[in-house]
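Structure, as structure tokens:
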Amino acid sequence: MTTRLLFVCLGNICRSPSAENIMNHLIAQRQLGNRVVCDSAGTASYHVGSCPDRRMTQAAKAKGIDLVGQARQFNVVDFDRFDYILAMDRQNYRDILALDPAGQHADKVRLMCDFCRTHPDREVPDPYYGGPEGFTYVIELLLDACEGFLDHILEHPVATSR
Ligand code: 4NP
């Protein structure tokens with residue numbers, strides 16, 4: 001049984017690829033590769049095809065995590081393909097739910113920071129227009145949220161998992 005996770009931000013070059021690669025790092029550490037599969041997407045199309053942002057890649061590398069992947073835009077078919085859709089901020093959350101007007105998939109859509117255990121933040125801040133410390137903070141926050149989320153999905157396997 002595999003649980004499928006999709007991490008979503010605006011551009012899919014900073015926060016959501018970090019969440020995807022951090023989660024893959026934790027999955028490898030815990031040897032859970034056959035149980036959890038990750039992907040990421042952006043609500044916007046500006047950066048489709050781009051690699052993760054260089055500043056974000058540097059901040060992740062400093063914590064021993066390589067960022068790989070190419071940006072893509074969120075698509076309504078993702079509602080069926082994934083068990084959980086994790087929004088980085090409230091705007092991402094609203095933009096995703098706007099693509100599901102009947103609310104059929106609303107239960108799958110969650111805020112990433114709901115799973116933080118040590119950080120009080122409610123959203124993953126957008127680091128794009130700020131300095132390097134913002135990128136480092138995003139990695140630390142996502143490590144906390146991903147640890148909490150991985151424990152959550154292991155404790156609460158979803159009925160729809162394949
Ligand atoms: P992300 O960050 O949503 O975490 O990938 C951003 C990337 C690009 C832009 C904004 C945020 N942008 O305005 O191009």
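Residue indices begin at 1 and follow the sequence shown. Quick caveat, the model's predicted, so the values are computed rather than measured.
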Nearest non-hydrogen partners of Cys51 and Ile13, listed with the distance = O-CG2, 3.7 Å
List the atom of Leu154, the atom of Leu32, and the distance in Å for their closest heavy-atom pair.
-> CD1-CD1, 3.7 Å
What closest approach, in Å, do Glu20 and Ser40 show between heavy atoms, and which atom pair accounts for it?
-> OE1-OG, 2.7 Å
Mind listing the side-chain donor-acceptor pairs of residues 57-67 below 3.5 Å, one per line with the distance, residues two or more places apart or on another chain?
from: Thr57; atom 1: OG1; to: Asp53; atom 2: O; distance (Å): 2.9
from: Lys61; atom 1: NZ; to: Asp66; atom 2: OD1; distance (Å): 2.8
from: Lys63; atom 1: NZ; to: Glu140; atom 2: OE2; distance (Å): 3.0

Residues two or more places apart in sequence or in another chain: which of them pass side-chain contact (heavy atoms from CB on, under 4.5 Å) with Thr43?
-> Val8, Leu10, Asn92, Asp95, Ile96
Taking the six-membered ring for Trp, is the centroid-to-centroid distance between Phe74 and Phe79 below 6.0 Å?
-> yes
Arg72/Asp39 salt bridge by N-O under 4.0 Å criterion | yes
Face-on cation placement of Arg15 at Tyr128 ring, 6.0 Å and 45° thresholds | no
Hits for side-chain contact (heavy atoms from CB on, under 4.5 Å) against Gln29, two or more places apart or cross-chain, chain-then-number order -> His25, Leu26
Please report the closest heavy-atom contact between Leu142 and Ala19, naming both atoms and the distance.
-> CD1-N, 3.7 Å
Would you call Lys108-Asp78 a salt bridge at under 4.0 Å N-O?
-> no
Under 6.0 Å between the ring centres of Tyr137 and His119?
-> yes
Nearest heavy-atom contact between Gly42 and Asn12 is N-CB, 3.3 Å
